[in-house]
Q: 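Mind having a look at this structure? Questions to follow.
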Amino acid sequence: MAVRTLAQQVATADGVADAFLAHPDDGAPHPAVLVFTDAFGLRPVVRRDAERLAGLGFTVLVPNVLYRNGSAPVVDLPDFIGAEDRGEIFGTLRPLLTALTPELVVADAAAYLTWLADSPLTTGAPVGLSGYCMGVRNALHTAAAHPDRVAAVAGFHGGRLATDDPTSPHTVVDRITAEVYLGHADADPGLPPDQIERLDAAFTAAETTFRTEVYSGAGHGFTQSDTDVYNPQADARHWTELTALFTRVLH
């Protein structure tokens, strides 16, 4: 399916978020997907994956969630992100990520969801959310805050999903009405087994329709092909699950 892409600007309560839009180039409305990126943000591999998803029949919006700190990329990134790069990159990003509270995430998400609902490129129906790394937290908070506007959530190699922090995502899953699929990294220090158990228990208690899996042998960030933790087998599995969920629930 032919795909059209363009840079987009989305007005929020705090300014204007730069974003990337990809949609089937057929003049018809399609189900919408809102993508929450990892900490490295909107960059070439993310745009490529958005185009791939659009080619499956979705209108895909990928906002720069750190727009308050400038247009993407908000920090300089090498073409390939290795272990030797992470310290400096996260040294710059960490205070920006800390400042992006769940309250700001869900307020911004309201603007992104409104933009999608109003666009002639979408059907206007509840959307799918996909999240990666920190984007999984953002997706879960968004689904909880806007349950009538989100039909499906897919998250991959998320971290800190069920901590003792009062804003931990597991504390709000009782508000989620969307179907949820989470593919966890293996032996992820940011999501140890006790957190996975706590998160699953919260979903179960809330009677959420959900499925979670640990991708054996896949490290944190396994979908990100411009990093040294990329795992092609796990990435292929991620695409299978993402496509199956969104095709079944959104189409």
Q: Looking only at heavy atoms, which two atoms of Pro169 and Leu140 are closest? And how far apart?
A: CB-CD1, 3.9 Å
Q: Any chance you could measure His184, atom NE2, to Leu199, atom CG, to the nearest 0.5 Å?
A: 5.5 Å
Q: Do the side chains of Asp85 and Phe90 get nearer than 4.5 Å, heavy atoms only?
A: no
Q: Stepwise, does the side chain to side chain contact (heavy atoms under 4.5 Å, CB included) test hold for Thr5 with Arg47?
A: CA-CA 9 Å; Thr5 66; Arg47 294 182 178 91; over 6 Å; no
Q: Any non-hydrogen side-chain atom of Tyr132 less than 4.5 Å from a side-chain atom of Phe40?
A: no
Q: Between the side chain of Ser168 and the main-chain N/O of Thr171, is any donor-acceptor distance below 3.5 Å?
A: no
Q: Given side chains that start at C-beta, do those of Leu113 and Trp115 come closer than 4.5 Å, heavy atoms only?
A: no
Q: In terms of hydrophobic clusters joined by side-chain contacts under 4.5 Å, are Leu116 and Leu245 together?
A: no
Q: With a 3.5 Å cut-off and no angle check, do the side chains of Thr142 and Arg149 form a donor-acceptor pair?
A: no
Q: Apply the side-chain hydrogen bond (donor to acceptor under 3.5 Å, both in side chains) test between Arg43 and each candidate in Asn64, Thr37, Asp38; give the one that qualifies.
A: Asp38
Q: Could you tell me whether the side chain of Phe246 reaches within less than 4.5 Å of the side chain of Glu241, counting heavy atoms only?
A: no
Q: Can you confirm whether Arg211 is buried at CZ, in the sense that more than 12 heavy atoms of other residues, nucleotides or ligands lie under 6.0 Å from that atom?
A: yes
Q: Do Thr204 side-chain atoms and Asp200 backbone N/O form a donor-acceptor pair below 3.5 Å?
A: yes
Q: What's the separation between atom CZ in Arg52 and atom CH2 in Trp239, rounded to the nearest 0.5 Å?
A: 5.0 Å
Q: So, Thr98 side chain and Arg94 main chain: donor-acceptor pair closer than 3.5 Å or not?
A: yes
Q: Might you point out which heavy atoms bring Leu96 and Thr92 nearest each other, and give the distance in Å?
A: CG-O, 3.7 Å
Q: Ignoring hydrogens and geometry, is there a side-chain-to-backbone donor-acceptor pair from Asp228 to Gly82 under 3.5 Å?
A: no
Q: Measure the CZ-CG distance between Arg237 and Asn231 for me, rounded to the nearest 0.5 Å.
A: 10.5 Å
Q: Just verifying a value: how many Å separate Asp226 CG and Leu77 CG, rounded to the nearest 0.5 Å?
A: 8.0 Å
Q: For side chain to side chain contact (heavy atoms under 4.5 Å, CB included), just list the numbers for Leu53 and Val33, CA-CA rounded to whole Å, side-chain angles, deciding distance to a tenth of an Å, and then say yes or no.
A: CA-CA 9 Å; Leu53 188 55; Val33 174; 3.8 Å; yes
Q: Please round to the nearest 0.5 Å and tell me the distance separating atom CG of Asp174 and atom OG1 of Thr208.
A: 8.0 Å
Q: Does the side chain of Thr223 come under 3.5 Å of the side chain of His157 through a donor N or O and an acceptor N or O?
A: yes
Q: Is there a side chain to side chain contact (heavy atoms under 4.5 Å, CB included) between Met134 and Leu97? Walk through the geometry before answering.
A: CA-CA 9 Å; Met134 74 166 198; Leu97 301 174; 3.4 Å; yes
Q: A quick test of your reading: do over 12 heavy atoms of other residues, nucleotides or ligands sit less than 6.0 Å from CG of Asp76?
A: no
Q: Examine the side chains of His141 and Asn138 and answer whether a donor and an acceptor come within less than 3.5 Å of each other.
A: no
Q: Can you check side chain to side chain contact (heavy atoms under 4.5 Å, CB included) on Glu179 and Phe210, steps first, answer last?
A: CA-CA 6 Å; Glu179 182 172 342; Phe210 81 101; over 6 Å; no
Q: If every non-hydrogen atom of Gly158 is compared with every non-hydrogen atom of Asp188, which pair is closest and at what distance?
A: O-OD2, 3.7 Å
Q: Can you tell which of Val127, Val35, Leu61 makes a side chain to side chain contact (heavy atoms under 4.5 Å, CB included) with Tyr112?
A: Leu61
Q: How about Asp108 and Tyr67: does a side-chain donor come under 3.5 Å of a side-chain acceptor?
A: yes
Q: Using a 3.5 Å distance criterion without hydrogens, assess whether the side chain of Ser119 forms a donor-acceptor pair with backbone atoms of Leu121.
A: yes
Q: Please find the pair of heavy atoms, one from Pro120 and one from Pro29, that lie closest to each other, and give the distance.
A: O-CB, 3.7 Å
Q: Testing the basics here: between Leu34 and Phe36, what is the closest heavy-atom pair and its distance to 0.1 Å?
A: CD2-CZ, 3.8 Å
Q: Can you measure from OG1 (Thr177) to CG (Asp148) and round to the nearest 0.5 angstrom?
A: 7.5 Å
Q: Side-chain heavy atoms nearer than 4.5 Å, only ILVMFWY residues, links allowed to pass through others: does that put Val45 and Leu242 together?
A: yes
Q: Look at the side-chain heavy atoms of Ile, Leu, Val, Met, Phe, Trp and Tyr, link any pair under 4.5 Å apart, and say whether Val136 and Val62 land in one connected group.
A: no
Q: Are Leu66 and Leu104 linked, directly or through intermediate hydrophobic residues, by side-chain heavy-atom contacts shorter than 4.5 Å (ILVMFWY only)?
A: yes
Q: Would you indicate whether the side-chain heavy atoms of Thr247 and Phe58 approach each other to under 4.5 Å?
A: yes
Q: Would you say the side chain of Leu56 lies within less than 4.5 Å of the side chain of His251, judging by non-hydrogen atoms?
A: no
Q: Closest heavy-atom contact between Arg68 and Val65?
A: NH1-O, 4.3 Å
Q: Taking atom types as modelled and ignoring hydrogens, do the side chains of Asp165 and Thr163 form a donor-acceptor contact shorter than 3.5 angstrom?
A: no
Q: Using only atom types and a distance under 3.5 Å, with no angle test, would you say the side chain of Gln224 pairs donor to acceptor with the backbone of Tyr230?
A: no
Q: Under 3.5 Å, side chain of Thr114 to main-chain N/O of Ala110, donor-acceptor pair present?
A: yes
Q: Without hydrogens or angle criteria, can the side chains of Tyr181 and Glu213 be said to hold a donor-acceptor pair below 3.5 Å?
A: yes
Q: Would you say that Leu93 contacts Val74 through its side chain, given a criterion of any heavy-atom pair below 4.5 Å between the two side chains?
A: yes
Q: Do Leu161 and Leu191 have side chains that get closer than 4.5 Å, going by heavy atoms?
A: yes
Q: When clusters are formed by joining ILVMFWY residues with side-chain heavy atoms under 4.5 Å apart, either directly or through shared neighbours, do Val60 and Leu6 land in the same one?
A: no
